[in-house]
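First the structure, in the form of structure tokens, and then the observations on it.
Chain A is the first sequence line, chain B the second, and so forth, proteins listed ahead of strands; every chain is numbered from 1.
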Amino acid sequence: MEVLERERLGEELLEVFRRLPKESFELFLRNLNIRRYVENLWENYKRGRLEYDENFDKIFREIFEIFFRPIELLISGYRFVFGFIRTPNVFEIEGRRELMKAYNEFINSYFKHLELLFNSYLNLFLPEISRNAVDTFILSWQNTFQRYFDTFTEWNTLTESPFVIPKKGSEALLKCLEYFNKFKVEFSRFKQLVEESYMISALNFIEHANSNEIESFNEFITIFSKIVSEEFDEVLASEEYLKIQSGMLENMMMYVKYARKHLEIILESNPLNPLATQSELDEAYKRIHDLKRKVRELEKRIEELERLSRGG
Amino acid sequence: MFETLKKVDFTPWASDYEVVHEDWLFKLLHFKSKPKHRIPVLIVYAYINRPYVLDLHDRVSVVKKMLKKGLDIWMIDWGYPKRADKFTEIRDYIDYIDFCVDHICQQKKVDKLTLHGYCLGATLAVIYASLYPKKVKNLVIQAPPINFETSNTLALWAKSIDPTKVVEAMGNASGELLNTSFLLVDPIRLAVGKYQSLLDNLDNEGFARNFFYMDQWIFDSPAIPGKVYEEYITRWYQRNEIMKGTYDIDGKKINLKNIKMPILALIAEKDHITPPEATLPFFEKVPSKDKLLLKVDKGHIGLSVSSHSHKTLWERAINWIVERSN
């Protein structure tokens with residue numbers, strides 16, 4: 001019964017998700033939770049004195065998750081990108097080459113098994129002529145690929161990264177790491193300041209609630225919101241906050257800039273790379289915009305000349 | 001439980017219009033009507049959020065109200081900038097306004113029009129009016145940030161950041177970044193208080209409809225082209241160049257003394273994005289002899305979409321335009 005109820009609720013929420021902006025939907029769901037936690041606080045208040053408990057912490061998480069997430073995503077981005085391009089120890093790679101060969105043999109056997117299975121189905125369902133053409137093409141394709149792959153795994157992998165990529169690439173990587181570390185420190189300070197401000201306002205609310213008689217849930221939640229809002233009005237305009245926020249933003253942006261620069265240099269130095277980098281595209285966009293302005297200027301001059309020639 | 005929310009339907013643009021010109025990113029819209037007055041109105045919207053807030057739905061459409069009074073309404077839509085638009089600059093906006101003004105004047109056989117700027121669109125309108133005063137018959141500025149020497153949180157933030165670093169890293173200032181920033185300016189009221197009111201009114205279809213019309217608009221945030229972001233944060237917010245008389249477009253200085261045409265300023269007293277002090281010093285400074293300032297006790301968005309503003313402010317504002325449109 002409970003499972004059915006949950007499924008029905010899930011379907012309903014999906015329907016609502018389709019209709020609302022992503023941000024509204026998330027804030028709506030988070031506020032359903034916030035309402036539940038404030039109701040718990042209200043119950044505690046009605047039973048006697050209000051004290052700081054886990055409900056306050058849960059409210060905090062619901063409110064600020066939407067603000068911390070974009071920043072945390074960048075940290076995940078770092079893990080993803082650097083996990084991908086990290087240069088492992090040269091001996092580790094060489095040791096893995098044997099493992100790669102064994103794996104390759106295993107995969108080949110597995111493909112042969114699939115091929116046999118596939119052929120037996122083809123024999124059952126396809127006419128003779130198609131069967132021959134398909135078989136021939138697939139075998140030829142596999143052999144071509146196999147030859148290429150075998151040659152590829154025979155060679156040593158280029159693992160001496162600092163000498164393989166251009167110097168500017170390494171410099172960008174070092175800068176990226178430097179800014180990432182600064183960004184991490186600033187983000188911790190940012191999070192801490194927001195948490196502390198919330199904590200102060202929650203304690204102020206508790207004091208207010210315990211020294212006054214709040215008669216209804218509506219009044220309870222309104223006073224809570226008011227006290228927390230007022231605290232944040234002050235904090236968000238404070239010099240300390242402005243300093244932390246701008247430091248965090250700057251280091252975050254510099255980290256993104258150099259992380260991308262590092263990857264772009266690796267791509268640009270690879271002769272097999274078929275993709276244009278963002279910086280190369282930006283250069284093209286810039287030239288297009290400059291040209292567009294020149295065209296517009298010429299159009300204006302032509303219009304002016306036409307006007308003058310008409311005696312205007 | 002969510003029956004009301006499942007019925008939410010969002011179809012902005014209450015009035016019919018046609019796109020009369022497109023320039024890659026920018027569009028010029030013309031609203032269909034049978035105008036009774038000679039002077040057309042060009043609405044220059046901000047490059048943040050979307051212009052349909054002025055034509056959101058029947059009950060709170062400023063455009064519809066203007067059309068009903070017989071005005072001929074045109075509007076610029078600045079579009080959804082992509083990475084390819086990173087190098088768009090403020091001078092390109094001014095140039096497109098000029099193109100539109102010429103186009104409309106030619107079509108309507110007039111030599112000037114009413115320029116109605118909204119929010120950062122009003123800043124553009126003021127710049128344009130000071131550069132081309134002969135082409136602007138009347139200037140209407142709605143929630144206009146002209147004086148950036150203000151103490152609201154958003155202005156303090158804008159003054160403390162380095163926009164060049166944002167642009168170097170991200171290309172444009174993305175819509176998501178802007179959405180998060182606007183929420184974080186007032187996190188408890190905007191991310192909690194507002195939605196708790198929704199929970200209290202979940203069975204009220206009218207409330208939910210209005211709520212989500214607004215939310216759809218709020219979160220429909222185009223990116224700001226990188227170069228535009230860099231310039232307006234640095235030169236407008238941080239250096240307050242327009243008020244100081246040092247701002248220029250292609251070397252041409254913006255002189256507020258050129259604003260001698262009739263001017264109507266519409267401001268919201270509880271505006272936390274463009275507080276009244278962002279307008280008042282400018283309004284006092286311009287030499288126009290025909291000036292009117294209308295205020296409403298609402299916030300930045302309420303100025304356009306609250307029933308109270310429509311009952312009190314818009315009736316007078318539109319009459320002011322009509323009286324100067326023949």
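Judged by distance alone, with hydrogens and angles left aside, the side-chain atoms of R260(A) form a donor-acceptor pair with the main-chain N or O of A169(B) at under 3.5 Å. Listed for the D233(A) side chain is no donor-acceptor partner under 3.5 Å among the backbone atoms of D186(B). Without hydrogens or angle criteria, W157(B) side chain to L236(A) main chain gives a donor-acceptor distance under 3.5 Å. Under a 3.5 Å cut-off, the side chain of R35(A) and the backbone N or O of L199(B) do not form any donor-acceptor pair.
Between N179(B) atom CG and E23(A) atom CD the span is 5.0 Å, to the nearest 0.5 Å. With rounding to the nearest 0.5 Å, the separation of CD in E89(B) from NE2 in H289(A) is 9.0 Å. Rounded to the nearest 0.5 Å, atoms CG (D85(B)) and OH (Y285(A)) are 9.0 Å apart.
For the pair K86(B) and K286(A), the minimum side-chain heavy-atom distance is 4.5 Å or more. Looking at heavy atoms from C-beta onward, L5(B) lies in side-chain contact with F28(A) at the 4.5 angstrom threshold.
Heavy atoms only, all atoms of each residue included: V8(B) and R19(A) are closest at O-NH1, 2.6 Å. When all heavy atoms of Q245(A) and L184(B) are compared, the pair lying nearest together is OE1-CD2, 4.1 Å. Shortest non-hydrogen contact noted between D95(B) and K300(A) is OD1-NZ, 2.7 Å. Closest non-hydrogen pair, S246(A) versus S160(B), comes out as CB-O, 3.0 Å.
Residue contact with chain B, scored on non-hydrogen atoms closer than 4.5 Å, involves the side chain of Y241(A) exclusively. If you measure heavy-atom distances from D290(A) to chain B, you find no contacts under 4.5 Å at all.
The pair D23(B)-K292(A) counts as a salt bridge, with a side-chain nitrogen and a carboxylate oxygen less than 4.0 angstrom apart. Ion pairing between a basic and an acidic side chain is recognised when a charged N comes within 4.0 Å of a carboxylate O; E168(B) and K257(A) show such pairing.
Of the residues considered (I66(A), L242(A), L13(A)), L242(A) shows the highest number of contacts with chain B, using heavy-atom pairs under 4.5 Å.
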